[in-house]
Amino acid sequence: MQLKALLLPLLQGLALTSAQDSQQPLNGAAANDSLLWGPYRPNLYFGVRPRIPKSLLTGLMWANVDDFKNAQENFRFTCEQHAGMAGYGWEEYDTKKGGRQVIHDAGNKIDLTIDFVKIPGGSNGGSWAARISGTLRDDAPPNLVTTLLFYAGMEGIGELGFAHEPQEHGISGPVTIHGSTADLGDFDIEIVDGPNNKLPYKVHPSWDEKPLDVTLAQSFMAPPDQVWRGKEIAFSGFKQTIDKLMEKYGQENMAPPWQAFTIKNNILGGNVHMIQKVFVGNFQFDVLFKSASGPAVTSQALDGAIESTSKSFKSRFSDVFKPAKPFDEDDHRACAESMLSNLAGGIGYFYGDLLVDRSYASEYDEEDEGFWEAAAEARTRNEPTTDPATELFTSVPSRPFFPRGFLWDEGFHLIPIVDWDADLALTIVESWFNLMDDDGWIAREQILGPEARSKVPAEFQVQYPHYANPTTLFLIVEALATKLGSKDLSSSEKANIKSRLIKLYPLLQKHYRWYRRTQAGDIKSYDREAFSTKEGYRWRGRTPRHILPSGLDDYPRAQPPHPGELHLDLISWIGLMSRSLSTISNLLDAKDDVQTYTKHLTAISRNLDDLHWSSQHKAYCDATIDDYEEHQLVCHKGYISLFPFMIDLLPHNHKNIPAILDLIADPDQLWSPYGIRSLSKQDELYGTDENYWRSPIWMNMNYLIVKALHTLATDTTSATAAPKKTREQARKLYSDLRKNLVNNVVKQWKDTGFAWEQYNPDTGLGQRTQHFTGWTSLVVVIMSMEDLPAGGKVHEEL
Ligand code: 6A9
């Protein structure tokens, strides 16, 4: 085996230098204590950092080192799909306290449990601790050797280094890294062994130079914008060791892999500091982050902290998301807890620059019919520039595959979060709205800085300032506004939310104006008297086969593309914005604004019927202009047809609602035993081409459908309540759909250990991205929704 050949791919692209790049000063102070620290590098199996740009980064790496090939191939750092993990993720996670992640690492024959707890106090955002325990899996030999590295790096200005004298043979006893920055003050990171660890013993003469019954420690100097590359840095250390061993012992008498895959003892200088442990069998060690101004943290205290964090998570979970009948079994609860925890434990902090094409090239106006033919699938791409670095605090759709912020995904992520921790949800909403540029645009996909870009092929990196994405964050703003009138929150919590909504309001308005201006439809072409208002919209950024900005990438639309198209989902999203702005303006007593937004909403409701209802197809549809310049409806029944209903824009006694319910209920169209399909089975494009949004079941849309059915079924008192027959149909659909969705997601989770991006409408199997813990987590909310058994009289008797 050629070791150097094995190591090469990892070493490419990383030149460790001692050059100090220019560094920017840290901005802002350590915010809110309980949210300063977290596993905010969700792309890693475990990486803690503060919500501060260019500050401290930490991360964990490990591998089974019984053979060279495995150590090389299964060396864990970033989350990856299909890499021999038998499931991993947070089983419990409370955003303000911490939680427990369990990693079933089949490839390395070890299960890791990581308990992370925050310990608030002091003036620098508090302390935290992590206990990392390894338990051999069933197929592991009793003397399995596992190597683990914990690293801490400083991306910006600050001190960081080992608090020890240089020691040739590693450090025995606890190891301490000391650091200090303007925001964090002084701190120590201490690594403390558990009581029962077994260490390797001498089997090879190289032991005399490097015994492994100690802790190895090495400092590295990395370019500040490369400090995130923990694995490459570790491998650059291993390479030095391996080169030396090769030279001395040759291939034939080579040292065992656990001796070879080691960093060297050299703890002077540098901005990246690694600590390595080599264990035989089960093991345990603690990482204690002690803020000098904060409370003391010891391993003994950690025992209690772990227990109380777990207890408080369980009890709070019962309060907020107790699964309701018929989902009250242990499996349901375990699945629900894991879904919420993965969503919350997947929240990350990102900082960096964004690639944007700000050429405003005229063809981007998409007003020329020939544009799409010429452009085919590719846009005319001009040189992108980078917008200045920004920060973003957000959850992510999938830690292994899309570990970054996506605008419309985030509104869905925050639906469970807003019930768990309204303050956190608002902090995330603010973080997103702070990204808005001067025009009112927010980029759909936030690929901030080199670490985020390392996961994205070049052709997907650039953002365009005329592309939108559904405004699901308004769902959260609406939910927060509603909470102000509820009994769930204390008066100080309400005051806090209200004052922050007041601050947010101008940004919401600006974003709304941007939408209405840049995504306006060419409604002039519709020469009907009824269309007196301009409420008709068209997504920019379409290609013949995709409208990525809509979020429903390959859902069938008008063919060929036409500048006169009007998109039903888009006018519905704008309706959502008008409605939530009217709610908030009302709350803030901005009377003129209330009038404006109500007027818009009324016009939108009217145009939904006038521009988008097809009496022939008995469905709401996209519209376009035909060859004779006539208004024509484009009906591909599926999620798009349901938008006015999903967003609850139709009065419940609206004449078109029964047809919508029939479409949902029809097994030859949208209904499946596992949830509502994206496209009707009868559509000619059902299941064709990429088949991404052309049949599979998506949880975000299904959540909106379940919720709309519930709202319809339970509205018995409003002036526009539906007739009894409609309510009964909605009730039955609600109850059956809720069961179908939950049963299938729980089954797939039990079978595979993962949540999935989408589910197959024929088999129910999870498919596409594995460990998609984003909007699939909405199943937690669905489980906790009201049980409305069929034939029940609960609401009839009111
Ligand atoms: C491509 C591939 C290593 C597609 O969940 C995020 C989005 C949704 O917003 C959207 O509605 N997903 C849905 O249709 C995933 C998009 C991933 C794009 C990145 C690069 C990475 O290759």
Side-chain angles (χ1 to χ4, degrees), residues 42-43 78-83 339 342-343 346-348 350 354-355 377-379 392 394-415 432 442-448 450-464 467-473 475 539 541-543 545-557 567 569-570 572-573 638-640 643 646 677-679 689-704 754-759 766-779:
N43 57 319
T78 51
C79 300
E80 301 295 339
Q81 297 190 85
H82 313 294
M339 296 270 171
N342 278 315
L343 180 66
I347 292 172
F350 302 89
L354 181 78
L355 288 179
E377 278 298 282
R379 318 258 81 194
L392 178 62
T394 185
S395 196
V396 302
S398 165
R399 289 171 57 194
F401 205 43
F402 321 126
R404 54 186 173 275
F406 285 79
L407 181 53
W408 91 301
D409 294 63
E410 198 53 22
F412 290 109
H413 298 159
L414 292 180
I415 291 169
W432 273 96
I442 304 174
R444 169 168 62 99
E445 195 174 339
Q446 293 290 328
I447 313 170
L448 302 177
E451 182 171 15
R453 282 198 280 277
S454 73
K455 278 272 187 176
V456 190
E459 68 268 30
F460 294 111
Q461 290 182 4
V462 182
Q463 304 295 304
Y464 294 83
Y467 287 15
N469 201 210
T471 50
T472 53
L473 290 176
L475 290 168
W539 294 109
R542 87 158 279 186
T543 62
R545 290 169 53 210
H546 293 107
I547 306 187
L548 300 183
S550 76
L552 311 174
D553 304 4
D554 64 337
Y555 193 99
R557 304 280 184 163
H567 298 127
D569 48 337
L570 182 52
S572 307
W573 289 119
Y639 289 163
I640 297 270
F643 263 84
M646 279 196 284
R677 300 167 211 272
S678 29
L679 195 60
D689 289 335
E690 286 158 48
N691 191 19
Y692 198 30
W693 291 87
R694 294 185 175 193
S695 78
I697 294 160
W698 293 80
M699 191 55 68
N700 58 339
M701 296 288 106
N702 273 277
Y703 165 77
L704 291 180
F754 290 105
W756 294 84
E757 185 178 11
Q758 45 167 241
Y759 294 87
Q767 55 186 31
R768 294 271 182 158
T769 303
Q770 187 194 51
H771 205 58
F772 187 96
T773 52
W775 59 43
T776 299
S777 313
L778 282 165
V779 73

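Every number for a ligand or one of its atoms is a count from 1 in the order of the listing. Note that the coordinates shown come from a computational prediction; the quantities given were computed from them, not determined experimentally. Residue numbers run from 1 in the order of the sequence given.
In terms of modelled atom types and a separation under 3.5 Å, the side chain of Q81 and the main chain of T769 share no donor-acceptor contact. With R399 contributing its side chain and P42 its backbone, the two residues share a donor-acceptor pair below 3.5 Å. Using modelled atom types, one side-chain atom of Q758 and one backbone atom of Y692 make a donor-acceptor pair closer than 3.5 Å.
A salt bridge is defined here as a Lys NZ or Arg NE, NH1 or NH2 lying under 4.0 Å from an Asp or Glu carboxylate O, and K455 with E80 meets this definition.
Ranking the protein heavy atoms by distance from atom 4 (C) of ligand 1 puts Y692 OH, 3.1 Å first. At the shortest separation from atom 17 (C) of ligand 1 among protein heavy atoms lies F402 CE2, 3.2 Å.
Nearest heavy-atom pair across E757 and T776 is O-OG1, 4.1 Å.
Of the polar atoms of D409, at least one N or O is found under 3.5 Å from an N or O of ligand 1, judged by distance alone. Between W693 and ligand 1, at least one N/O pair is under 3.5 Å apart. Of the N or O atoms in W408, one or more lie within a sub-3.5 Å distance of an N or O in ligand 1.
For W775 and W408, the distance between ring centers is under 6.0 angstrom.
Counting heavy atoms from C-beta outward, H567 and W573 have side chains that stay 4.5 Å or more apart.
Near G551, the atoms of ligand 1 lying under 4.0 angstrom from a non-hydrogen atom of the residue are 10 (C), 11 (O), 13 (C), 14 (O). Heavy-atom contacts of P457 reach the following atoms of ligand 1: 20 (C), 21 (C), 22 (O) (cutoff under 4.0 Å). Of all the atoms in ligand 1, the ones that sit under 4.0 Å from a non-hydrogen atom of W775 are 8 (C), 11 (O).
Ligand 1 lies within reach of R404, whose nearest heavy atom is under 4.0 Å from it.
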